[in-house]
Trainee: 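Dropping the structure in here first, questions after.
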Amino acid sequence: MKKILIVDDDGTTLYVLQSLLNGAGYSTRVAMDGVEALTLLGAESFDLLLLDVWMPRMDGLEVLAK
């Protein structure tokens with residue numbers, strides 16, 4: 001099963017994307033900001049990263065740079 005990490009500070013966006021992707025047969029994890037995303041990326045491997053650009057603490061571009 002393909003694993004997808006969804007990173008967004010908007011709870012509604014996370015809920016909708018996770019529901020759609022889980023319904024399509026994917027395994028998903030969510031993070032509310034870049035700091036949380038980097039923690040998950042350090043602990044697990046993912047096949048795809050859906051990453052918001054504008055988030056508090058660490059934005060999506062900073063995540064990509066790291």
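Atoms considered below: every heavy atom in the structure, side chains included; atoms not considered: hydrogens, waters and symmetry mates. We're numbering straight along the sequence, starting at 1.
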Trainee: Atom OG1 in Thr13, atom CG in Asp52: separation rounded to 0.5 Å?
Mentor: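 Result: 7.5 Å between the selected atoms.
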Trainee: Say whether, by atom type as modelled, one donor and one acceptor occur between the side chain of Glu36 and the main chain of Met32 under 3.5 angstrom.
Mentor: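 A pair under 3.5 Å: yes.
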Trainee: Indicate the atoms forming the closest heavy-atom contact of Leu51 with Gly60, along with that distance.
Mentor: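 Looking at all heavy atoms of both residues, the shortest contact is CD2-O, 3.3 Å.
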Trainee: Gly34 and Met55: which non-hydrogen atoms are nearest, and at how many Å?
Mentor: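 Taking every non-hydrogen atom into account, N-CE, 3.9 Å.
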Trainee: Any chance you could lay out the side chain to side chain contact (heavy atoms under 4.5 Å, CB included) test for Ile4 and Asp47, step after step, and finish with the verdict?
Mentor: CA-CA 6 Å; Ile4 300 172; Asp47 298 295; 5.8 Å; no
Trainee: Would you find more than 12 non-hydrogen atoms of other residues, nucleotides or ligands less than 6.0 Å from Lys3 atom NZ?
Mentor: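 Check passes, neighbour count above 12.
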Trainee: Which distance, rounded to the nearest 0.5 Å, do you find between the NZ of Lys66 and the CG of Leu61?
Mentor: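 Interatomic distance, Lys66 NZ to Leu61 CG, rounded to 0.5 Å: 13.0 Å.
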Trainee: I need the Leu5 CG to Ser27 OG distance, nearest 0.5 Å.
Mentor: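 Result: 10.5 Å between the selected atoms.
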Trainee: I need the Arg29 CZ to Ile6 CD1 distance, nearest 0.5 Å.
Mentor: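 So the CZ of Arg29 and the CD1 of Ile6 are separated by 11.0 Å.
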Trainee: Any donor and acceptor pair, going by atom type alone, linking the side chain of Glu62 with main-chain N or O of Asp59 inside 3.5 Å?
Mentor: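 Pair found, side chain donor or acceptor close to backbone of Asp59.
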Trainee: Return the minimal non-hydrogen interatomic distance between Ala37 and Ala31, and the atom names on each side.
Mentor: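 Of all heavy-atom pairs spanning Ala37 and Ala31, the closest is N-CB, 3.7 Å.
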Trainee: Does Thr39 use its side chain to pair, donor to acceptor, with the backbone of Val35 at less than 3.5 Å?
Mentor: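 Yes.
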Trainee: Output, in order, the C-alpha distance, side-chain angles, deciding distance and verdict of side chain to side chain contact (heavy atoms under 4.5 Å, CB included) for Leu21 and Leu50.
Mentor: CA-CA 11 Å; Leu21 292 168; Leu50 298 179; 3.9 Å; yes
Trainee: Do you know which of Val63, Leu40, Leu49, Leu41 makes side chain to side chain contact (heavy atoms under 4.5 Å, CB included) with Val7?
Mentor: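 The option that passes is Leu49.
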Trainee: Hey, any chance Leu20 and Val30 share a hydrophobic cluster, counting ILVMFWY side chains that come within less than 4.5 Å of each other, even indirectly?
Mentor: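 Shared cluster, no.
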Trainee: Could you state the interatomic distance from OG (Ser19) to CG (Leu14), rounded to the nearest 0.5 Å?
Mentor: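 Rounded to the nearest 0.5 Å, the OG-CG separation comes to 10.5 Å.
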Trainee: Do you know the tightest heavy-atom contact between Tyr26 and Met1?
Mentor: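 What the structure gives for the nearest pair is C-SD, 3.9 Å.
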Trainee: Assess whether atom CZ of Phe46 is packed by more than 12 heavy atoms of other residues, nucleotides or ligands within 6.0 Å.
Mentor: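 Atom CZ in Phe46 is crowded, with more than 12 foreign heavy atoms closer than 6.0 Å.
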